[in-house]
Number of protein chains: 2
Amino acid sequence: MDTADEVRLDAPHRELLDQILDKWSLAVLNELCERPCRFNELRRAIPQVTQKSLTATLRRLERNGVIDREVVSTRPVAVRYRITPLGKTLRHPVDVLLAWTARHLPAIERAREEFDERDAGSRTGPQT
Amino acid sequence: MDTADEVRLDAPHRELLDQILDKWSLAVLNELCERPCRFNELRRAIPQVTQKSLTATLRRLERNGVIDREVVSTRPVAVRYRITPLGKTLRHPVDVLLAWTARHLPAIERAREEFDERDAGSRTGPQT
DNA sequence: CGGTATCCTTAAAGATACTG
DNA sequence: CAGTATCTTTAAGGATACCG
């Protein structure tokens with residue numbers, strides 16, 4: 001027997017995925033894969049994110065070593081965010097994942113509709 | 001110009017990932033990839049999950065068409081959860097992702113330590 | 001410009017009790 | 001056995017204001 005199942009879904013792995021695949025991280029990583037960005041460039045590129053959430057996302061990604069933060073002490077201060085080599089290695093797994101969603105989203109939307117219809121029917125109660 | 005960036009991170013895709021890669025879904029999918037399971041088998045297999053969260057996770061996965069739920073009207077009732085063909089297609093992207101975490105977790109833990117040290121230092125303030 | 005700090009609202013998670 | 005219902009606690013998210 002092997003411990004693969006345990007290892008694969010161990011707390012540290014789950015926690016890592018939570019930190020890197022959360023609501024805004026993919027969008028940020030995607031931007032920074034294209035080019036280095038300043039804080040407000042990222043805000044403009046991802047209009048729905050609030051300043052607070054963007055800051056939190058950037059700190060988390062920085063802490064995990066997938067992006068880095070360079071403070072340029074001009075006046076006023078400029079901050080440049082960049083993807084790190086480690087961050088670049090994320091591209092492939094993320095691409096595979098997004099390829100899956102792109103490919104199967106239609107089937108999933110059909111499944112949802114069917115489920116919701118069954119569910120509506122079961123609330124009404126089936127006929128004799 | 002292409003719309004790849006927009007498409008890749010469109011709301012439906014993000015939402016889908018949120019529903020399928022959430023806290024407990026990976027663990028459930030992993031179990032069900034091995035074998036069909038009953039509700040309480042899953043509870044035992046994933047000891048930290050509460051009954052409420054497990055129910056919610058199973059419903060969500062069922063709604064998205066990646067698992068199915070069969071009620072065996074014995075006495076008392078038995079419920080069998082199974083992975084669907086669509087659910088099986090998730091295995092590859094998830095494996096790629098977990099391979100990434102397995103490979104890079106050490107580097108990430110180093111990055112975290114370095115970050116936390118820098119952070120602690122900046123709170124204390126650097127010496128003259 | 002690039003943030004912190006604060007307050008407030010809401011949504012998710014946990015504990016407990018009960019049911020077909 | 002496999003849930004639902006309810007209540008409570010916790011944490012995430014947004015709005016606003018201010019600072020180096």
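Every heavy atom of this structure was used, including side-chain atoms; hydrogens, water molecules and symmetry mates were not.
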Would you list the atom pairs, donor with acceptor, under 3.5 Å between side chains in residues 40-47 of chain B and any protein atom, with sequence neighbours excluded?
from, atom 1, to, atom 2, distance (Å)
B/Glu41, OE1, B/Arg38, N, 2.8

> Is the shortest distance from a Lys or Arg side-chain nitrogen in A/Asp18 or B/Lys23 to a carboxylate oxygen in the other one below 4.0 Å?
Replying inline: no
Describe the nucleic acid contact of [X] in one word from base, sugar-phosphate, nothing, applying a heavy-atom distance below 4.0 Å.
| X | value |
| --- | --- |
| A/Arg59 | sugar-phosphate |
| A/Arg69 | sugar-phosphate |
| A/Arg38 | sugar-phosphate |

> Closer than 4.0 Å, any side-chain N/O of B/Tyr81 to the OP1 or OP2 of D/dG3?
Replying inline: yes
From [atom1] of [X] over to [atom2] of [N], roughly how many Å is that when rounded to an integer?
| X | N | atom1 | atom2 | value |
| --- | --- | --- | --- | --- |
| B/Phe39 | D/dC1 | CZ | P | 11 Å |
| B/Leu54 | D/dT4 | CG | P | 11 Å |
| B/Arg43 | D/dG3 | CZ | P | 11 Å |

Run the side chain to side chain contact (heavy atoms under 4.5 Å, CB included) test against [X] and tell me which residues pass, sequence neighbours left out.
| X | value |
| --- | --- |
| B/Ala107 | A/Leu86, B/Arg110 |
| A/Glu114 | A/Arg118 |
| B/Glu15 | A/Arg112, B/Gln19 |

Distances for protein N/O vs nucleotides 11-19 of chain D N/O pairs under 3.5 angstrom?
from, atom 1, to, atom 2, distance (Å)
D/dG14, O6, A/Lys52, NZ, 2.5

> Which ring-ring contact (aromatic ring centres under 6.0 Å, His included) pairs, counting each pair once, include a residue from residues 72-100 of chain B, with sequence neighbours left out?
Replying inline: B/Trp100-B/His104
>> Using five base pairs at each end to define the local axes, how bent is the helix from C/dC1-D/dG20 to C/dG20-D/dC1, to the nearest 10°?
In response: 50°
> Which residues satisfy the side-chain hydrogen bond (donor to acceptor under 3.5 Å, both in side chains) test with B/Ser53, sequence neighbours excluded?
Replying inline: B/Thr50
>> Per the salt bridge (charged side-chain N to carboxylate O under 4.0 Å, His left out) rule, what does the pair list look like for residues 65-81 of chain B, sequence neighbours excluded?
In response: B/Asp68-B/Arg82
> Can you pull the salt bridge (charged side-chain N to carboxylate O under 4.0 Å, His left out) pairs that have at least one residue in residues 52-61 of chain B, sequence neighbours excluded?
Replying inline: B/Asp22-B/Arg60
> Do you reckon B/Leu32 sits in the same ILVMFWY cluster as B/Val71, going by side-chain contacts under 4.5 Å, direct or chained?
Replying inline: yes
>> If you assign each of A/Thr55 and A/Pro76 to its closest nucleotide in DNA chain C, which residue comes earlier from the 5' end?
In response: A/Pro76
> Is A/Val96 isolated, or which residues cluster with it under the ILVMFWY side-chain rule of less than 4.5 Å, directly or via members?
Replying inline: B/Val96
>> What range of DNA chain C does chain A touch, first nucleotide to last, counting atoms under 4.0 Å from its heavy atoms?
In response: C/dC1 to C/dC7
